[in-house]
Amino acid sequence: MIPNDRKYTREHDWVKIEDGVAILGITDHAQEALGDIVYVELPDVDSEIAIGDSYTTVESVKAASPVDSPVAGKVIEVNEALDEQPELLNEDAYGQFIAKIEVTEVNEDALLTAEEYEQLLAEEE
Amino acid sequence: MENFDSLKKTPLYERHIELGGKIVDFGGWALPVQYSSILDECKAVRERCGLFDVSHMGEVDIYGNDAFAYVQKMVTNDVTTMTPGRCRYAVMCYENGGAVDDVLIYKFADDHYMFIVNAGNTDKDFEWMKEHVFGDVRVENNSKKWGQLALQGPEHQKVLDAAGFEGEIPEKYYTFNDKMIVAGVPCLVSRTGYTGEDGVELYCAAEDTVRLHKALMEAGKCVDMLPCGLGARDTLRFEASMPLYGHEMSADINPMECGLGFAIKLKKEYFIGIEALRAPQTRKRIGLKLVGKGVARPEAEVLCNGEVVGIVTSGGPAPAVGGNYVMCLVKADADEAGKWAVSVRGREIECEFAPMPFYKR
């Protein structure tokens with residue numbers, strides 16, 4: 001099931017914006033496609049991210065996948081647990097965020113509703 | 001669904017899909033990168049058993065009264081001491097020492113050898129081999145006639161027992177028996193593999209491959225065997241520090257630089273590329289373990305005492321030993337006891353020198 005409490009990108013990332021803070025993660029489809037995740041390169045807290053910047057790189061056994069940010073702003077928190085247990089992203093992609101960004105700008109055009117994202121998945125099948 | 005119509009397929013293509021294989025384009029071949037999880041599949045091979053489809057590998061037969069002399073000329077290793085039923089690893093080189101391909105040689109008789117070559121190199125290799133034919137030598141590309149399965153892991157014997165076989169399983173590493181019947185299928189069985197684990201590889205007629213694969217999968221239930229994809233195959237060979245053509249070795253990286261001295265007999269009178277390999281080498285293959293967090297991939301720069309001395313040729317996790325490792329090609333005079341690092345997306349990750357193989361059974 002695709003949670004409908006957040007928005008999605010065509011690159012299979014999710015973003016939940018609450019009180020000016022964007023919580024960012026990857027979708028279940030993304031973790032499935034990546035396979036076993038062995039390392040998540042977390043951004044530095046306080047670093048400034050622009051729209052389209054890759055704010056993290058998720059490393060699976062075979063590949064490094066940069067993840068682009070649909071928002072701009074300052075990183076205020078990262079999911080430290082992923083540092084030791086990157087496989088948490090495989091286990092619960094929607095329950096594990098990667099970073100929280102204090103939003104200054106959102107690329108609304110890039111964001112899909114849960115319904116639109118579900119449709120995208122169906123098209124890609 | 002992605003479209004794999006234009007890709008080459010092994011006889012097991014439908015079977016891979018049936019088993020949930022995640023199909024990728026591997027050098028023009030539609031093959032499964034994984035079925036369940038690369039890490040689970042690696043673990044199965046290290047602890048129990050795994051079954052791989054390696055039917056994409058090329059088979060080139062060499063026939064004729066001059067077959068022995070021809071093989072001696074074509075490869076770095078010495079086949080003088082090979083008797084029928086033996087396998088030997090070797091490299092075919094260009095005149096400048098660069099590798100055409102690494103090959104596994106099977107000797108059937110003085111006038112019949114077979115080279116197992118890398119799938120993506122088969123056509124190139126066959127052309128190269130044809131160009132160098134002399135006297136009474138005939139080379140045949142029989143790749144399409146064969147299916148090939150690799151049954152790898154400490155419990156592989158139990159799987160063969162459960163599948164049922166006639167004939168003797170080759171006991172010694174790098175030997176083969178071409179007159180076996182496994183699960184009712186005529187096979188060549190060799191005690192070889194590309195995982196660093198004990199196991200066998202089975203060659204059968206292309207049209208028998210599905211039957212053999214089904215029978216082995218069924219038999220494998222007794223040890224909780226997993227079908228394994230190319231991802232696991234690559235990680236396993238990486239842990240065992242076996243070179244992969246196109247990474248550790250290529251037309252631009254000769255086998256001496258790659259550290260394959262054991263398969264290069266410079267005392268031989270001649271093989272193509274011998275002069276180049278006799279000369280002192282300027283680069284060497286080494287292994288490093290990442291001490292800092294991160295994963296380094298091919299092409300990442302390698303630093304020794306702050307100076308760039310080479311590049312990563314393969315990198316990733318080595319699950320059987322833990323941690324992330326790289327194999328790299330560096331300047332021959334780089335100080336192994338020095339301070340090592342790899343540069344990943346502009347960030348330096350500290351490394352320590354790691355003797356190869358990273359994993360040894």
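Predicted model, so just to flag it, every value in this text is computed and none were measured. Numbers restart at 1 for each chain; the letters A, B, ... are given by sequence-line order, proteins then strands.
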* **Check against side chain to side chain contact (heavy atoms under 4.5 Å, CB included), Lys8(B) and His56(B)** => CA-CA 9 Å; Lys8(B) 289 184 239 177; His56(B) 56 302; over 6 Å; no
* Would the number of heavy atoms belonging to other residues, nucleotides or ligands and lying under 6.0 Å from CD of Glu115(A) be above 12? -> no
* What distance separates Leu236(B) CG from Phe52(B) CZ, expressed to the nearest 0.5 Å? -> 5.0 Å
* Just wondering, more than 12 heavy atoms not from Arg345(B) lying within 6.0 Å of its CZ? -> yes
* Check: His16(B)/Asp53(B) side-chain N/O donor and acceptor closer than 3.5 Å -> yes
* ring pair (Phe, Tyr, Trp, His ring centres under 6.0 Å) pairs, two or more places apart, involving residues 20-46 of chain A -> His12(A)-His29(A)
* Going by atom types only, do Thr192(B) and Glu201(B) share a side-chain donor-acceptor pair under 3.5 Å? -> yes
* Evaluation steps, salt bridge (Lys or Arg N to Asp or Glu O under 4.0 Å), between Arg46(B) and Glu239(B) -> CA-CA 11 Å; Arg46(B) 292 281 180 243; Glu239(B) 286 183 330; 2.7 Å; yes
* **Max heavy-atom pair count under 4.5 Å with chain B, selected residue of Gly35(A), Ala33(A), Pro66(A)** => Ala33(A)
* To do: Let me see the working for Leu19(B) and His213(B) under side chain to side chain contact (heavy atoms under 4.5 Å, CB included), right down to the final yes or no.
  => CA-CA 11 Å; Leu19(B) 290 168; His213(B) 192 265; 3.6 Å; yes
* To do: Run the numbers on Arg48(B) and Glu155(B) for salt bridge (Lys or Arg N to Asp or Glu O under 4.0 Å), then give the verdict.
  => CA-CA 5 Å; Arg48(B) 307 185 310 276; Glu155(B) 309 272 36; over 6 Å; no
* How about residues 346-361 of chain B versus chain A: which residues have heavy atoms under 4.5 Å apart? -> Arg347(B)
* Asked: Run the side chain to side chain contact (heavy atoms under 4.5 Å, CB included) check on Asp234(B) and Val33(B) step by step: do they pass?
  -> CA-CA 10 Å; Asp234(B) 186 51; Val33(B) 63; over 6 Å; no
* Asked: Among residues 67-103 of chain A, which ones touch chain B with a heavy-atom distance under 4.5 Å?
  -> Asp83(A), Glu84(A)
* Structure fact -> Those residues of residues 48-63 of chain A that come under 4.5 Å of chain B on a heavy-atom basis, listed by number, are Thr57(A), Glu59(A), Ser60(A), Val61(A), Lys62(A), Ala63(A)
* Asked: When only pairs under 4.5 Å are counted, which of Gly231(B), Ser36(B), Pro319(B) shares the most heavy-atom pairs with chain A?
  -> Gly231(B)
* Evaluate side chain to side chain contact (heavy atoms under 4.5 Å, CB included) for Tyr245(B) paired with His247(B), printing each intermediate quantity in order. => CA-CA 5 Å; Tyr245(B) 190 88; His247(B) 288 253; over 6 Å; no
* Asked: Checking heavy atoms, do the side chain of Lys22(B), its backbone, both or neither come under 4.5 Å from chain A?
  -> side chain
* Asked: Does any non-hydrogen side-chain atom of Arg15(B) lie less than 4.5 Å from one of Met217(B)?
  -> yes
* Asked: For Lys43(B), does the NZ atom have more than 12 heavy-atom neighbours from other residues, nucleotides or ligands under 6.0 Å away?
  -> no
* Between Gly315(B), Gly316(B), Ser37(B), which shows the greatest number of heavy-atom pairs under 4.5 Å with chain A? -> Ser37(B)
* Side-chain touch Pro3(A)/Tyr117(A), heavy atoms, less than 4.5 angstrom -> no
